[in-house]
Amino acid sequence: MTVNHPFSSKRVVKIVEVGARDGLQNEKGTVPTHTKIELIERLSSAGLRHIEAGSFVSPKWVPQMADTAAIQSHLIAHPPPASVPITYSYLTPNMQGFTSYLAGAALSSVPSQHSSEIAIFAAASESFSQRNINCSIAESLTRFRPIVKKALAEGIKVRGYVSMIIECPYDGPTSPSMVADVVEGLLDMGCYEVSLGDTNGVGTPGSIGRLVNYLIKERRLPSEKLAGHFHDTYGQAIVNCLVALEAGIRTFDSSVAGLGGCPYSKGATGNVATEDLVYFLEGTGVRTNVDLQKIVETGDWISKELGRKNESKVGTALMARL
Ligand SMILES: CC(C)(COP(=O)([O-])OP(=O)([O-])OC[C@H]1O[C@@H](n2cnc3c(N)ncnc32)[C@H](O)[C@@H]1OP(=O)([O-])[O-])[C@@H](O)C(=O)NCCC(=O)NCCSC(=O)C[C@@](C)(O)CC(=O)[O-]
């Protein structure tokens with residue numbers, strides 16, 4: 001994914017597709033496991049190379065992710081061709097989740113081109129941390145440290161998340177210094193990248209711009225280790241990606257058809273749609289290597305499967321032209 005734009009200084013932009021995890025975790029009805037697997041396979045055949053495949057979380061808390069072990073097992077048994085390097089990732093909130101991930105991964109004779117990794121998820125708001133993972137921010141970082149240590153010892157990469165980077169529905173505005181402290185904590189323990197979650201999509205180019213510039217310029221956090229994870233609740237996600245791109249961020253999370261919402265943030269809608277992100281990046285001179293037509297068809301297909309409105313503007317526009 002080569003970037004040829006004044007914003008981009010010819011560097012690589014990575015898209016992390018979160019539709020099969022963030023996108024589906026809040027669906028009310030049960031999404032059949034075979035539908036999730038078909039979604040993941042369609043996403044990879046559209047050219048996406050970093051795909052979140054599920055969460056090893058408590059099924060009492062998030063029932064929709066209860067079949068993650070079955071998905072992991074299928075993906076291990078049916079790897080993509082060696083010429084298609086894909087990373088599947090799984091959320092692990094605690095040692096129990098990481099142990100379940102490891103038990104599944106142990107069944108694998110993973111070729112080097114196809115790998116998996118885990119993600120841990122913290123918050124910059126105390127109330128959201130309690131509601132989402134039932135512990136304080138400090139307790140969550142203490143809980144994550146041995147997971148990261150063990151994962152790195154096993155050669156497994158760990159991604160971090162920080163939720164509620166702009167404002168929390170329970171605690172109000174989030175202080176940028178709190179975001180920076182949590183990002184630093186995750187990087188210090190060994191996360192290779194931390195994704196900045198505007199969980200409820202309230203961020204604007206002003207607030208996101210101020211935050212990312214504060215993180216990169218004042219707190220000296222490495223831009224290459226930060227990712228933008230912008231929900232589109234208020235229709236600001238693409239323009240927020242633009243300001244983050246201008247600030248030097250080169251990894252963006254997105255969800256096909258804009259699927260999603262967070263079970264512990266009422267009213268929050270999906271991530272920026274992958275179709276909209278690809279169209280925006282390509283239009284900005286960034287090559288994504290994602291087949292826009294295929295991702296649009298995937299967004300149309302999964303929206304119909306779920307009986308949902310397709311939240312991608314680009315997807316809707318291009319489907320109308322067929
Ligand atoms: C973290 C816990 C587990 C704490 O939940 P807890 O209740 O404090 O856990 P516990 O350790 O006290 O255990 C209670 C029960 O849960 C079970 N349990 C315990 N752990 C697991 C596990 N890993 N897998 C399966 N089962 C588990 C455990 O076995 C036990 O079962 P019981 O004995 O009662 O039958 C819970 O709060 C949880 O699962 N939370 C997950 C919430 C979640 O998935 N949220 C959505 C993802 S975050 C997000 O979407 C934001 C993000 C990342 O996209 C970025 C952004 O947009 O901001």
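Numbering of ligands and ligand atoms starts at 1, following listing order.
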Practice task
Run down the list H229, Q96, M164 and name the one with the heavy atom closest to atom 19 (C) of ligand 1.
Solution key: Q96
Exercise for the section: For the pair Y234 and V202, evaluate side-chain contact (heavy atoms from CB on, under 4.5 Å) and give the outcome as yes or no after the intermediate values. Expected result: CA-CA 6 Å; Y234 290 77; V202 293; 3.5 Å; yes
Completion exercise
atom 41 (C) of ligand 1: of N132, V18, D198, the nearest heavy atom sits on N132
Handout entry: The one among A123, S163, P59, P93 that brings a heavy atom closest to atom 1 (C) of ligand 1
Key = P93
Handout entry: Pairing of E311 and K309 as salt bridge, 4.0 angstrom limit
Key = yes
Handout entry: S100 near ligand 1 by a heavy-atom separation under 4.0 Å
Key = no
Handout entry: Close side-chain approach of V162 and V182, heavy atoms under 4.5 Å
Key = yes
Practice task
Return yes if a side-chain donor-acceptor contact under 3.5 Å exists between T288 and E282, otherwise no.
Solution key: yes
Practice task
For E193, check salt bridge (Lys or Arg N to Asp or Glu O under 4.0 Å) against everything at least two apart and list the hits.
Solution key: K14, R159
Practice task
Could you go through the salt bridge (Lys or Arg N to Asp or Glu O under 4.0 Å) check for K313 and E275 one step at a time?
Solution key: CA-CA 8 Å; K313 288 217 182 269; E275 302 88 313; over 6 Å; no
Exercise for the section: Before signing off on this row, confirm whether V162 and ligand 1 have an N or O atom pair separated by under 3.5 Å. Expected result: no
Fill in the blank from the handout: If you compare N94, D22, L91 by their heavy atoms, the one closest to atom 20 (N) of ligand 1 turns out to be N94
Completion exercise
One finds that the ligand 1 atoms under 4.0 Å from a non-hydrogen atom of G197 are 58 (O)
Handout entry: Pair R42 + E38, salt bridge at N-O below 4.0 Å
Key = yes
Practice task
Pick one of side chain, backbone, both or neither for how V62 approaches ligand 1, counting any non-hydrogen atom pair under 4.0 Å.
Solution key: side chain
Practice task
Hey, could you give me the CD/OG distance between E52 and S116, rounded to the nearest 0.5 Å?
Solution key: 12.5 Å
Exercise for the section: Output every pair passing side chain to side chain donor-acceptor pair (under 3.5 Å) with a member in residues 174-187, not counting sequence neighbours, ordered by first then second residue. Expected result: S175-S177, D181-R219, E184-R219
Problem - Within reach of ligand 1, part of R21 (heavy-atom separation under 4.0 Å) - result: side chain
Completion exercise
In ligand 1, the atoms that come under 4.0 Å of a heavy atom of I133 are 1 (C), 4 (C), 37 (O)
Exercise for the section: For G97, counting its heavy atoms only, list the atoms of ligand 1 lying under 4.0 Å from any of them. Expected result: 23 (N)
Exercise for the section: Check each atom of ligand 1 against the heavy atoms of F56 and keep those under 4.0 Å away; list them by number with element. Expected result: 22 (C), 23 (N), 24 (N)
Problem - Charged tip of R21 within 45° of Y161 ring normal and under 6.0 Å - result: yes
Practice task
Examine ligand 1 and decide if any of its atoms is less than 4.0 Å from a heavy atom belonging to H231.
Solution key: yes
Practice task
Using a strict 4.0 Å cut-off to heavy atoms of K60, name the atoms of ligand 1 that fall inside it.
Solution key: 31 (O), 32 (P), 34 (O), 35 (O)
Handout entry: Contacting atoms of ligand 1, where contact means under 4.0 angstrom from a heavy atom of N134
Key = 6 (P), 7 (O), 8 (O)
